[in-house]
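Okay, so here's the structure we're looking at.
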Amino acid sequence: MKMDVRVRYAPSPTGLQHIGGIRTALFNYFFAKANGGKFILRVEDTDRERYSDESLEDLYSTLEWLGIKWDEGPVVGGPYGPYIQSERFDLYREYAEQLVAEGKAYYCFCTPERLEEVRKQQAESKSEYQGYDRHCAHLSDSEIKEYLRQGIKPVIRFRVPTEGKTTFHDILMGDITRRNRDISPDPVILKSDGFPTYHLANVVDDHLMKITHIMRAQEWIPSGPLHVLLYQAFGWDVPQYCHLPMVMGKDGQKLSKRHGSTAVRDFRAKGYLPEAIINYVTLVGWSLDGSTEFFSKEELEKCFTMEGIHKAPAVFDYKKLDWFNGQYIRQADNARLASLITPYLQQAGYVSDPITEDDKKLIDSLVPSVKERMKVLSDVVPLTAFLFEDKPVEDKTIYIAKGSDEQNTAQALERGTEILLTGLKSGESEEAIEEKLSALSQELGIKVNGVFQPIRVAITNSTVSLPLFDSIRLLGIEETEKRLMRANKLFKEN
RNA sequence: GUCUCCCUCGUCUAGUGGUUAGGACAUCGGGUUUUCAUCCCGACAACGCGGGUUCGAUCCCCGCGGGAGAUGCCA
C-alpha cells in the first residue's frame, strides 16, 4: 500500500465534532501521512433536516485547532471537487437514474406513514423479516407515470438481490460475509428531495475521488456488503476497508453526550491542550508497542500503522485524558501557558480585556506556581481566586490545624505575623523566615503546619493554596499585612 | 426478533504453544513538601466459561455466555 494512498474523513455537519469523529479523522490523517498519501476532507451534508452552519464551522475550527490540515477538500479545493456534497447535487441523481435505467434500482412512492406502519407491524409480530416490503419493486410504467402525474415525489431504491451472499474484506476483521437476504431490503439511495442518502453519496464520491482506503467506525460494518453491491452495480473497484473500533462510554455504550462532554469544542473550552487530545484520542483503539505513551502529532505522522489498531471497542477514560493534559501543561513553556491562561482569568473577571501591562506581568509571575497544579487550564481560576477576590474565612476552626488548638493558633498567628512581616520588610530570605516559623512551632509544641495553616488561611482564604511564599509574593506585602491583621483580630475578639 | 462484529487487571493496552502474563491511568499505601498538587517508591488487580487438539494451552479449534453495532427518505 505504498503508492498513492488516498483516505478521507467524511463527517456530516449535523452536530459538533466529537471524540469519536475526531478519532476517525486522526486515524485517517495519520495513516495518510505515514504512507505519503493524501488526506481528503469531504462534507456529507445530505441531511438537510439536521444540517447546521454552526456544525460546519465547528468542523473547520476543530480541525484547525488540532492542526489537522487536509490536502483536498473544502476551502483548499483539489482535483476532484467540489468536496461538499450539496454542491454535487446533480451528480447523484444521474448515477441513481443510471441504476434505474439498468433495472438495478427503482422508484418508490410509499409514504413515510406507510413505511412506519410496516415497520411497526414487523416489530410487533417479531417477524423474522425486517425492513421495506418491496411494495414498489415491480410497478409498471403506467403506474409510475400515474403517480408522477399526481405529483408524488418518489425516492429511488436500490434493488438488493434476495439470493446469494456478499463478502467484503476488512483489513482488520478479515472477510465479512452476509447473505443478501439479510441486507437491508432495497434501501433508499436517493431521497424524495433529490439528495442522495449516505450509501449512494459515499460510494459515488469515494469512487470519483479515488479513495483507496476507507477507514470508518465499526458501526458501518453491517452496510459493508450493501456498499460492495453498489460498487458492483456501477462496475467499479471496491476500495480497501478498515473498520475502526468504536469509542464507548463508561457503561459500554457508544460514547454520547450522556457520558459527559464529547464535543471537542467543550474540551477546548475547559482547557485541554490539542496535543493532549491528539495523544490520548489516538491511543483509544490504537497502540504502537504497548508501552510508549507519549506521541507528538509529528511522531504519529510517521509511526502510525494499521496493524496497531485494536479490534475491540474501547472505553473513553476521561481521567486518563486529564492525566495526559496535566503532563502536557507541565511540559508547556511558561510564555505559552501565560497566554493560554489569560482568557480564563478574563472570563472570571479577574483581569481586564484587553489585558493591561500590569496584569500581564502578574500572569507571567503566577504561571510557575500554578502550572504544577493544573489538570485543565480553567483550574487557574480557583487556584488564583485569592489574588483577585477577597473572601475572608470567618470560621475560626478552619485556621486550626490538626493537633493544634485555638490558643496555640492565636499565638501562632500573632507571633507568626510578626516574624513574617518584619522578615519580609527587612528583606530576609524565605528560608530564614521559614526556619523561624518552624522554630516557633517547636516552641509552641505543635507541628509545623500548626503555624503555617493559620497563616495560609489568613492570606489565601483557604487551607489549600499555592506555596505560601509564592502567594505572598503575588499578593504583595501590603495586602498580605492587611489580611494577617484581620485574622489576628478575629482571634482576639471574645 | 434477525444479522454482523467483539472478549487480557476497574479502564486503555503489550504479549507468548512452556513468561513471576509486561506497561499506563485509576485506586490504595509510603516518601519528599508549610497545605494542595507535582515528583519518587510500593501494593492491589486480568487471560469470561466449558469442551477438545497437545507432553503442555491465555494463545489453535468448537460450543456456550456476555457485550456492542446494524436493522431509517440519519450519517
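Convention: sequence-line order gives letters A, B, ...; per-chain numbering from 1. Heavy atoms only: backbone and side chains are in, while hydrogens, waters and symmetry mates are out.
Side-chain nitrogen and oxygen atoms of A:Q253 include at least one within less than 4.0 Å of the OP1 or OP2 phosphate oxygen of B:A68. In this model, the phosphate group of B:C73 is approached by a side-chain N or O of A:R157 to a distance below 4.0 Å at OP1 or OP2. Remark: A:K191 is in phosphate contact with B:A75, judged by side-chain N or O atoms under 4.0 Å from OP1 or OP2. Phosphate proximity of B:A75 to A:T46: present, with a side-chain N or O under 4.0 Å from OP1 or OP2. At the phosphate of B:G69, neither OP1 nor OP2 sits under 4.0 Å from any side-chain N or O atom of A:H243. At the phosphate of B:C6, OP1 or OP2 sits under 4.0 Å from a side-chain N or O atom of A:K311.
When each of A:Y318, A:F316, A:F294, A:Y272 is tested with A:Y280 by the rule ring pair (Phe, Tyr, Trp, His ring centres under 6.0 Å), just one qualifies, namely A:F316. Under the ring pair (Phe, Tyr, Trp, His ring centres under 6.0 Å) rule, A:H227 has a single partner from A:Y198, A:F158, A:Y241, which is A:Y198.
The A:N449 side chain lies nearest to B:U35 when the options are B:U13, B:U35, B:A24.
With hydrogens and angles ignored, no donor-acceptor pair under 3.5 angstrom links the side chain of A:T14 to the base of B:C74. Judged by atom type and distance alone, A:K320 reaches the base of B:A24 through a side-chain donor-acceptor pair under 3.5 Å.
Salt bridge A:D205/A:R8: absent, no basic N to carboxylate O contact under 4.0 Å.
Under the Watson-Crick or G-U wobble criterion, with both distances below 3.5 Å, B:G63 is paired with B:C49. In this structure, B:U35 makes no Watson-Crick or G-U wobble pair, since no nucleotide meets both defining distances under 3.5 angstrom. Both distances falling under 3.5 Å, in either a Watson-Crick or a G-U wobble arrangement, place B:U71 opposite B:G1.
Note on A:Q327: only backbone sugar-phosphate atoms sit closer than 4.0 angstrom, heavy atoms only; bases stay farther off. Across all strands, A:K254 comes closer than 4.0 Å only to sugar-phosphate atoms, never to a base (heavy-atom distances). Within the nucleic acid shown, A:Q453 has no heavy atom closer than 4.0 Å to any nucleic acid atom.
A cation-pi arrangement, defined by a distance under 6.0 Å to the six-membered ring centre and an angle within 45 degrees of its axis, is present between A:R157 and A:Y132.
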